[in-house]
Amino acid sequence: MSEVKLESLIKSYDKKRVIDGIDLTIKDKEFLVLVGSSGCGKSTILRMIAGLEDISGGNIYIGDTKVNNVHPKDRDIAFVFQSYALYPHMTVYENIAFGLKMRKYDKKYIDEKVKEAAKILNLTEYLDRKPKQLSGGQRQRVALGRAIVRNPKVFLMDEPLSNLDAKLRVQMRAEIKKLHEKLQTTFIYVTHDQTEALTMGDRIVVLDKGKIQQVDTPTNIYNNPQNKFVAGFIGSPQMNFVDCNIINNTLIMTEPIIELSRDIMEKLHNRHYVTIGIRPENMTNPNGRIKLNVKVEMTELLGSEQIAYFNIGENRCSAKLSAEQNIGEYLELSLDSNEFLYFDQKTGERIL
């Protein structure tokens, strides 16, 4: 059983809370991703689970054991660092075997485990090489191999792909997911890259300023964000936000003026100010009845698609379009109000 449970977890530095009462259960064999911008506390949480950071309050359980005061080496976890942390003077074989040697396993057992890990990670032909003779992706696989041979209850990974180029990152994402499926153990993965979060996680934890904003599946995080922060953080380009006034059941979005149904008005609880959210891919819905002409400020070509940037009132917005579409000085948007998300302008919380 490799469930990890955090209860009212707190971390403070000089009386400033950087982790503010986190409650979270990571299920046995789950691939959970902690995602957020730099400084949100995701790596600190990982290091507290590992025992590399003292906790200021709350409890951490791994399985049925409370590990608040358990030494890192006794927590039965494996930590994969962003920097690989390989020994440059050792071969790949020696790097993978190092942890087992320190625990004084016999040579035959070590040899079996190292070769088994090397086979899983396609490193067999590189066992005699030094880290400097390897590519970035190969070094990362060595770091994973060193973790695998320990057969831990929990794998902790702190932005392990951030030093790789874009092509290698895609390749390694797939390899880590396959590894999780093969090992059938709990993975807790930290990243600031939302693409990694959406493609790898069984569930995603979105963090901001040391607090959990939402925990859910990738699909629900994307389609049903609980607040404006989550809606804006997940998705590329980010969701468009337009501040609007409501007067006499009418949504005023500079132009056009949109008549709101009684059902929507009831759910908006008679508010006079809301922020609507619209995904860039929904800005030119062929079935949209709301037409809006905007002046295009710039475009970006991204292979099979392009992004057009423009303003709606004082709000910077974008639309995701096919690469074949000709874009002139102006672009006609076609919006479907059924695709709008509504947020409270003051709190940022989702209204519907």
Side-chain angles (χ1 to χ4, degrees), residues 33 35-38 40 191-199 201 203-209 211-246 251-256 258 260 264 267-268 271 273-292 294-300 302 305-322 327 331-352:
V33 179
V35 67
S37 51
S38 296
C40 71
T191 183
H192 65 273
D193 186 328
Q194 53 165 296
T195 303
E196 283 182 26
L198 289 169
T199 56
R203 285 191 303 157
I204 297 173
V205 180
V206 183
L207 293 157
D208 183 42
K209 298 176 183 175
K211 293 185 177 181
I212 292 177
Q213 300 299 310
Q214 188 169 350
V215 184
D216 216 325
T217 63
T219 301
N220 283 339
I221 288 275
Y222 188 81
N223 292 325
N224 296 298
Q226 289 181 356
N227 56 46
K228 188 178 174 184
F229 176 84
V230 175
F233 189 82
I234 299 294
S236 181
Q238 78 160 38
M239 180 179 284
N240 299 305
F241 296 109
V242 181
D243 294 330
C244 302
N245 298 335
I246 300 175
L251 186 70
I252 301 176
M253 189 176 66
T254 64
E255 61 168 299
I258 304 164
L260 295 177
I264 290 178
K267 291 176 180 176
L268 292 177
R271 284 176 171 82
Y273 305 98
V274 297
T275 298
I276 62 169
I278 317 167
R279 292 283 181 200
E281 59 267 31
N282 295 331
M283 296 298 279
T284 55
N285 186 322
N287 300 316
R289 296 181 179 180
I290 303 163
K291 307 298 181 183
L292 181 61
V294 294
K295 185 176 181 180
V296 177
E297 302 292 333
M298 65 171 286
T299 60
E300 288 180 337
L302 303 173
E305 60 190 23
Q306 57 184 325
I307 310 297
Y309 295 91
F310 47 86
N311 292 320
I312 298 178
E314 297 180 358
N315 305 276
R316 182 72 163 168
C317 297
S318 65
K320 189 181 286 188
L321 311 162
S322 71
I327 301 176
L331 174 68
E332 183 177 73
L333 306 178
S334 300
L335 310 177
D336 183 345
S337 59
N338 291 321
E339 294 172 332
F340 291 179
L341 302 182
Y342 298 88
F343 301 93
D344 186 284
Q345 278 193 18
K346 290 183 179 180
T347 66
E349 291 300 307
R350 178 97 174 269
I351 297 170
L352 302 184

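Hydrogens, waters and symmetry mates play no part in the numbers below; they use all other heavy atoms, side chains included.
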Task: Qualifying residues under salt bridge (Lys or Arg N to Asp or Glu O under 4.0 Å), relative to Asp193, sequence neighbours excluded - done: none
Open item on the list: Taking ring pair (Phe, Tyr, Trp, His ring centres under 6.0 Å) as the cut-off, I'd like each qualifying pair that reaches into residues 333-352, sequence neighbours left out, listed once.
Closed with: Phe241-Phe343
- [ ] Compare every heavy atom of Ile204 with every heavy atom of Ile221, then report the nearest pair and how far apart it is.
- [x] CD1-O, 4.1 Å
- [ ] With the side chain counted from C-beta on, respond yes when Pro225 and Leu341 share a heavy-atom pair under 4.5 Å apart, and no when they do not.
- [x] yes
TODO: Please tell me if the side chains of Thr195 and Ser236 come closer than 4.5 Å, counting only heavy atoms from C-beta onward.
DONE: no
Open item on the list: As an exercise, state the distance from CD1 of Ile234 to CG of Asn220, rounded to the nearest 0.5 Å.
Closed with: 12.5 Å
TODO: Please round to the nearest 0.5 Å and tell me the distance separating atom NZ of Lys209 and atom OG of Ser37.
DONE: 9.0 Å
Open item on the list: If I take atom CG from residue Asn311 and atom SG from residue Cys317, how far apart are they, to the nearest 0.5 angstrom?
Closed with: 7.5 Å
Task: Qualifying side chain to side chain donor-acceptor pair (under 3.5 Å) pairs, either residue in residues 224-235, two or more places apart - done: Gln213-Asn227
TODO: Would you please name every residue forming a salt bridge (Lys or Arg N to Asp or Glu O under 4.0 Å) with Lys291, sequence neighbours left out?
DONE: none
Open item on the list: In the structure I gave you, are the side-chain heavy atoms of Arg279 and Tyr222 within less than 4.5 Å of one another anywhere?
Closed with: yes
Open item on the list: Please check: side-chain N/O of Gln214 versus main-chain N/O of Val206, any donor-acceptor pairing under 3.5 Å?
Closed with: no
Got a list of side-chain donor-acceptor pairs under 3.5 Å for residues 282-289, not counting sequence neighbours?
| unit_1 | atom_1 | unit_2 | atom_2 | d |
| --- | --- | --- | --- | --- |
| Asn285 | OD1 | Asn287 | N | 2.8 |
| Asn285 | ND2 | Glu339 | OE1 | 3.2 |
| Asn285 | ND2 | Glu339 | OE2 | 3.0 |

Open item on the list: Nearest 0.5 angstrom please: Gln238 CD to Arg316 CZ, how far?
Closed with: 11.5 Å
- [ ] For Glu314, look at atom CD and say whether over 12 heavy atoms of other residues, nucleotides or ligands are found less than 6.0 Å away.
- [x] no
Task: For the student: nearest non-hydrogen atoms of Ala308 and Leu321, plus distance - done: CB-CD1, 4.0 Å
TODO: Find out whether Leu207 and Ile212 are in side-chain contact, i.e. whether some heavy atom of one side chain is under 4.5 Å from a heavy atom of the other.
DONE: yes
Task: Arg271 vs Gln345 side-chain heavy atoms within contact, under 4.5 Å - done: no
Open item on the list: Can a donor-acceptor pair be found, under 3.5 Å and without considering hydrogens, that links the side chain of Asn240 to the backbone of Ile278?
Closed with: yes
Task: Point-to-point distance, once rounded to the nearest 0.5 Å, from OH of Tyr309 to CD of Glu297 - done: 12.5 Å
Open item on the list: Quick check: do Ile312 and Leu333 have side-chain heavy atoms less than 4.5 Å from each other?
Closed with: yes
Task: Gap between atom CG of Asp336 and atom CD1 of Ile290 - 0.5 Å precision - done: 7.0 Å
TODO: Measure across Ser318 and Pro237 and return the closest heavy-atom pair with its distance rounded to 0.1 Å.
DONE: OG-CB, 3.7 Å
Open item on the list: Run the ring pair (Phe, Tyr, Trp, His ring centres under 6.0 Å) test against Phe310 and tell me which residues pass, sequence neighbours left out.
Closed with: none
